[in-house]
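Working notes, structure below.
Letters go in sequence order (proteins before strands), and every chain restarts at 1. Keep in mind that what you see is a predicted model, and the values were worked out from it rather than measured.
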Amino acid sequence: MSQVSTKRYLSKTAKNIKPSGIRRFFDLANQMEDVISLGVGEPDFVTSWNVCEAAYAAMENGYTAYSANAGLMELREAISGYLTKQFKLRYQPASEIIVTTGASQAIDLAFRALVDPGDEVLIHEPSFVAYAPIVQLAGGIPIPVEASAESAFKLLPQQLEAKITDKTKLVLLCFPNNPTGATLDETELGKIAEVVKKHDLLVLSDEIYAELSYDKAHVSIASIHDMKERTILISGFSKAFAMTGWRLGYLAGPEVFIQAMLKIHQYTMMCAPTIAQHGALEALTNGLEDVTKMVTSYRQRRNFFVKACNQIGLECHKPGGAFYAFPSIHKLGLSSEEFAEELLKEEKVAVVPGSVFGLGGQGHIRCSYAASMDNLQKAIERMDRFLAKRI
Amino acid sequence: MNEKDLEIAQILEGGARLSTDSIADMVELEKEEVEKIIKSLEEKGIILNYQAVINWDKAPVNGGVAAMIDVKVTPKRDIGFDGVAERIYRFPEVKAVYLMSGAYDLSVQVEGKTMKEVAYFVSNKLSTVDSVLSTTTHFLLKKYKHDGVIFESGQKDKRAVVSP
Ligand SMILES: Cc1ncc(COP(=O)(O)O)c(C=O)c1O
């Protein structure tokens, strides 16, 4: 058999993409049994039953074909109404919204449509692991901007401005943030918006955790004066509606940009899954009460977990949103990877090393409190024991 | 009932074994305040009881049998249905009594060690209560959901241990 030189065949792009740090840890943790997992970036609720019923009904009624490229019109109308009601945003269902295969595909479409080779994209870090690689896949250059622990991981306008060059085209924002849970209020967003306008940039705002805001109502940067025309909003059903496996998200923004993204979407995806879209329509129409219940439960668990972390000596700012706590492990003198690996092996608690989320993540761990109170209490006991041996 | 009262009642409904400390952290109040709220909810009769929901099918003892009995009655003068209901709910065998609209008047839930015991209760005690006209006994075969709790849903955490 002749040897195939894989090196020759693999594209440079594929070769240059680093595997996600989460992936490596995923393999390690998933081989073990009886692990209490705080490593999960998804809700611990299952999708509301009425949503599942709506999907069954869609199948029974034969809605098993493609939908319009941009998604079911009824769903786009429901998304438009929802964005207006919740976040004071106004988008035309026919021309300014695309239903996508998860927020993941929305991010990909947005970068592909807006980034030329050599363009710089500012990404505040720590952040979701997919942003920088997706920018690279589009030929762009991701430029990290550190949002540090001292400012509770809020992005400061001067930190952003310092990284702007004449190649900068886009700024990616994600608040509430994965992995830090940081949020920005209207004033803080206003200052970021000033920088963006001054340098004539566009914003990609990933607001997939918007509904999971605990202390103040979420504000979208698109709702700030003069920002709608330079903002692409990304959101979806995965987190607030507990629908990660349905693979459904959406993009909203100015028509010119959205129509460019739609061109790419129609060739690469055709449309998001139709059955899932029927479920999502039900979620937006009759599912908001369930969202409220889940949010209450996350808030209670955040309050408990963050306080408990501080009590056992894991210094942790209080995150305003999402379902992650991002405590510091600095005083142990271990790297995030070492901490996570030893904690997993010794006490069977899975957390994600902060370092995988980029600049500013080292010395922290991401703990998801989308877990039962029972498991959170047990995890705290185990981490307490783990720390007692080392401090 | 204010917002915190409601929140605490809901937390207790979902998990009565949580310590007051944990509940205090969850709702961001001092432990003493939470104790006070719980006490007042108990006094007002809003919290009635703390109970474990047990799936007796899984417990290795004979959990007995349960029956739902449809009861038709003639309401008594002056005290109406309430007086008849009281005569029935005072029996220790009776776990629940509801006044119903529709085909019959009272729904009576009875538990006993054996079917025979329940049958005896119905024929000798319940049916002989003044103003009970008729009874229809349905034995409970299997519990799927009780008090909002689904039994054996097979719903384990299906998430991978680590995910983005
Ligand atoms: C910030 C952020 N954006 C996007 C996603 C992906 O969401 P979806 O499931 O809609 O693709 C995640 C998932 O973890 C996330 O944390």
Side-chain angles (χ1 to χ4, degrees), chain A residues 20 22-44 46 104 128-130 178-179 215 238 244-245 293 296-297 299-308 311 318 340 344 348 350-353 356-357 366 368 370-377 380, chain B residues 1-38 41 46-47 50-55 58 143-164:
Chain A
S20 150
I22 288 194
R23 193 73 231 170
R24 195 188 75 81
F25 206 71
F26 175 96
D27 293 337
L28 190 68
N30 280 291
Q31 284 159 11
M32 295 177 61
E33 285 186 10
D34 304 322
V35 172
I36 294 183
S37 182
L38 308 182
V40 194
E42 57 186 318
D44 62 325
V46 292
S104 301
F128 180 45
V129 293
N178 172 11
D215 306 318
S238 285
T244 48
K293 276 191 210 151
T296 301
S297 171
R299 183 178 7 91
Q300 290 167 351
R301 290 183 272 167
R302 172 201 66 163
N303 295 343
F304 167 79
F305 188 77
V306 173
K307 184 155 185 211
Q311 276 168 349
K318 189 169 170 188
L344 179 65
K348 293 199 168 182
V351 299
V352 180
V356 309
F357 302 101
R366 189 192 74 177
S368 158
S372 67
M373 268 303 289
D374 218 27
N375 277 347
L376 290 177
Q377 287 177 325
I380 287 286
Chain B
M1 217 171 163
N2 67 25
E3 223 172 273
K4 289 286 178 196
D5 292 359
L6 182 67
E7 199 175 348
I8 289 172
Q10 283 169 341
I11 290 173
L12 282 170
E13 194 180 25
R17 293 190 67 217
L18 285 168
S19 71
T20 317
D21 278 322
S22 296
I23 296 172
D25 290 347
M26 289 166 80
V27 301
E28 299 193 290
L29 290 176
E30 291 305 317
K31 187 182 172 188
E32 291 71 32
E33 294 173 84
V34 171
E35 275 165 355
K36 225 157 90 197
I37 290 175
I38 294 179
L41 290 171
I46 294 174
I47 294 178
Y50 297 90
Q51 229 174 12
V53 178
I54 293 173
N55 186 351
K58 279 197 170 170
K143 274 188 192 166
Y144 293 101
K145 186 174 183 178
H146 180 78
D147 257 0
V149 179
I150 294 172
F151 285 50
E152 293 195 67
S153 68
Q155 204 74 264
K156 290 218 181 66
D157 193 344
K158 294 193 173 72
R159 299 173 299 170
V161 176
V162 172
S163 75

_Contact origin within A/N178 toward chain B - heavy atom pairs under 4.5 Å_ = side chain
*With rounding to the nearest 0.5 Å, note down the distance linking CZ in A/R299 to CE in B/M26.*
10.5 Å
*For chain A, which residues of residues 12-22 of chain B have at least one non-hydrogen atom nearer than 4.5 Å to it?*
B/L18, B/S22
*What heavy-atom pair brings A/V40 and B/V161 nearest, and what distance separates the two atoms?*
CG2-O, 3.3 Å
_Which residue is it: B/V27, B/I23, B/D25? I am looking for the one with a side chain to side chain contact (heavy atoms under 4.5 Å, CB included) to A/F304._
B/D25
_Quick check: closest heavy atoms across B/E28 and A/N303, and the distance to 0.1 Å?_
CG-ND2, 3.3 Å
*Listed by chain and number, what are the salt bridge (Lys or Arg N to Asp or Glu O under 4.0 Å) partners of A/E42, not counting sequence neighbours?*
none
*Given that the side chain runs from C-beta out, which part of A/A370 has a heavy atom under 4.5 Å from chain B: side chain, backbone, both or neither?*
both
*asked:* For the interface with chain B, which of A/D44, A/V35, A/V129, A/T244 has the highest count of heavy-atom pairs at distances below 4.5 Å?
replied: A/D44
*Which atoms of A/P43 come close to chain B, meaning under 4.5 Å heavy atom to heavy atom: side chain ones, backbone ones, both, or neither?*
backbone
_Counting only non-hydrogen atoms closer than 4.5 Å, does A/F305 touch chain B with its backbone (N, CA, C, O), its side chain (CB onward), both, or neither?_
neither
*Which atoms of A/A29 come close to chain B, meaning under 4.5 Å heavy atom to heavy atom: side chain ones, backbone ones, both, or neither?*
both
_Are there over 12 heavy-atom neighbours, none belonging to B/K36, within less than 6.0 Å of that residue's NZ?_
no
*asked:* Would you compute the distance between atom OG of A/S372 and atom CG of B/D157 and round it to the nearest 0.5 angstrom?
replied: 8.5 Å
*Just give me the residue among A/M32, A/R366, A/M373, A/Q300 that pairs up with chain B most often, heavy atom to heavy atom, under 4.5 Å.*
A/Q300
*Is the number of heavy atoms from other residues, nucleotides or ligands within 6.0 Å of OH (B/Y50) greater than 12?*
yes
